[in-house]
Amino acid sequence: HRLVQGAREIPLSASLSFVARTHVIDLYTNHPDTGICNLNSWSDKGEWTACCHNKYVPKEECIRNKPKELTKYTGEGYELTYAEILSTNADTVFRFWKKIDEANEFLLNEGRWEEKTWRAMGVGMYKSYAVVWMGQRTDPLPMPEVCEGIKPEKPTEAEVTGENEIKLITRPTNRFYVIIASFQSEKDARREAEKHLGSAGTHISILKNNQGQFRISINDYEKLEDAKAGKENYKNTFSGAWILNY
């Protein structure tokens, strides 16, 4: 994403990735993000200083010192967070961050982050949480290696810029889809579907049936109970959503 936008690639940091992994597990297990405490908060259940971070009483120093507390990384750390009710994946998180100006500026060193130079990046994902940590100092540890048997792939420009993200489903999959609208033409369905690309926790699909109808799905699930939970998650945004087994 940075290379496509003309920015430099950031080296992956073992230290900041350890901090990121530690934090997502703390968020999922201990839920320090309750009450007025936001997702940057840390619980009192680990070998670190607890932080209740919020806009009223920000604990920025407590957050930024986490790399120093947990690793030998000597610089400060800056964190971007993501959470949803169900388990998430990297594509969903990245599409969301790319569509949010404040998050995208953080990733690209733009806006309020323009005067900073990221020289290290850590990534952590666990269940329904994901975080990215950035630092201005180079990590003294070697860059993490790719796990044996996994071949790394560079994303194409089309994938990075968000093209072709709407899936067209023309055959039954026996999955449960959360439907938000129906149309008689693919053109109208695609126009509406494009409005929702990048929305938090969505995987936009268009389902075509034998009667020539096109239905827009904002997410799909293997099990009905997961689809019901997903539908409940979207009730404030898509109040008329319903579930289709297709």
Inset, instruction - Considering only NZ, NE, NH1 and NH2 on the basic side and carboxylate oxygens on the acidic side, decide whether E69 and K66 come within less than 4.0 Å. - result: yes
Inset, instruction - Apply side chain to side chain contact (heavy atoms under 4.5 Å, CB included) to I179 and I216, showing your working. - result: CA-CA 6 Å; I179 306 298; I216 299 175; 5.8 Å; no
Legend entry - Residue pairs involving residues 70-141 (criterion disulfide (SG to SG under 2.5 Å); sequence neighbours excluded): none
Inset, instruction - Might you confirm whether atom CD of E105 has over 12 heavy atoms from other residues, nucleotides or ligands at distances under 6.0 Å? - result: yes
Legend entry - Atom CD of E225 with >12 non-hydrogen neighbours under 6.0 angstrom: yes
Legend entry - Any side-chain donor near an acceptor of the partner, R8 and N109, under 3.5 Å: no
Legend entry - Nearest-0.5 Å distance that lies between atom CD in Q136 and atom CD in E115: 10.0 Å
Inset, instruction - Could you tell me whether K195 and E192 make a salt bridge, using a distance below 4.0 angstrom between a side-chain N and a carboxylate O? - result: yes
Legend entry - Centroid-centroid under 6.0 Å between W133 and F18 rings: no
Inset, instruction - Mark yes when over 12 heavy atoms from residues, nucleotides or ligands other than N174 sit less than 6.0 Å from its CG; otherwise mark no. - result: no
Legend entry - Min side-chain heavy-atom separation I63-E60 under 4.5 Å: no
Inset, instruction - Without swapping roles, check the side chain of H203 against the backbone of N219 for a donor-acceptor pair under 3.5 Å. - result: no
Inset, instruction - I would like to know whether Y28 and Y126 meet ring pair (Phe, Tyr, Trp, His ring centres under 6.0 Å); could you show each step before the answer? - result: CA-CA 7 Å; Y28 180 80; Y126 187 71; 5.4 Å; yes
Inset, instruction - Please determine if K223 and D226 form a salt bridge, counting it only when a charged side-chain N lies under 4.0 Å from a carboxylate O. - result: no
Inset, instruction - Under the salt bridge (Lys or Arg N to Asp or Glu O under 4.0 Å) rule, collect the residues that match up with R137, sequence neighbours excluded. - result: none
Inset, instruction - Please report the C-alpha distance between F176 and D220 in whole Å, then the side-chain angles of each, then the deciding distance to 0.1 Å, and finally whether the side chain to side chain contact (heavy atoms under 4.5 Å, CB included) criterion is met. - result: CA-CA 5 Å; F176 295 90; D220 57 277; over 6 Å; no
Legend entry - Qualifying residue for side-chain contact (heavy atoms from CB on, under 4.5 Å) with K98, from N104, V93, L107: N104
Legend entry - F106 and W118 aromatic ring geometry - parallel, tilted or perpendicular at 30°/60° bounds: tilted
Legend entry - Candidate pair Y82 and Y129, rule ring pair (Phe, Tyr, Trp, His ring centres under 6.0 Å), full reasoning: CA-CA 6 Å; Y82 176 94; Y129 291 90; 9.0 Å; no
Inset, instruction - With sequence neighbours excluded, tell me which residues meet salt bridge (Lys or Arg N to Asp or Glu O under 4.0 Å) with E186. - result: R190
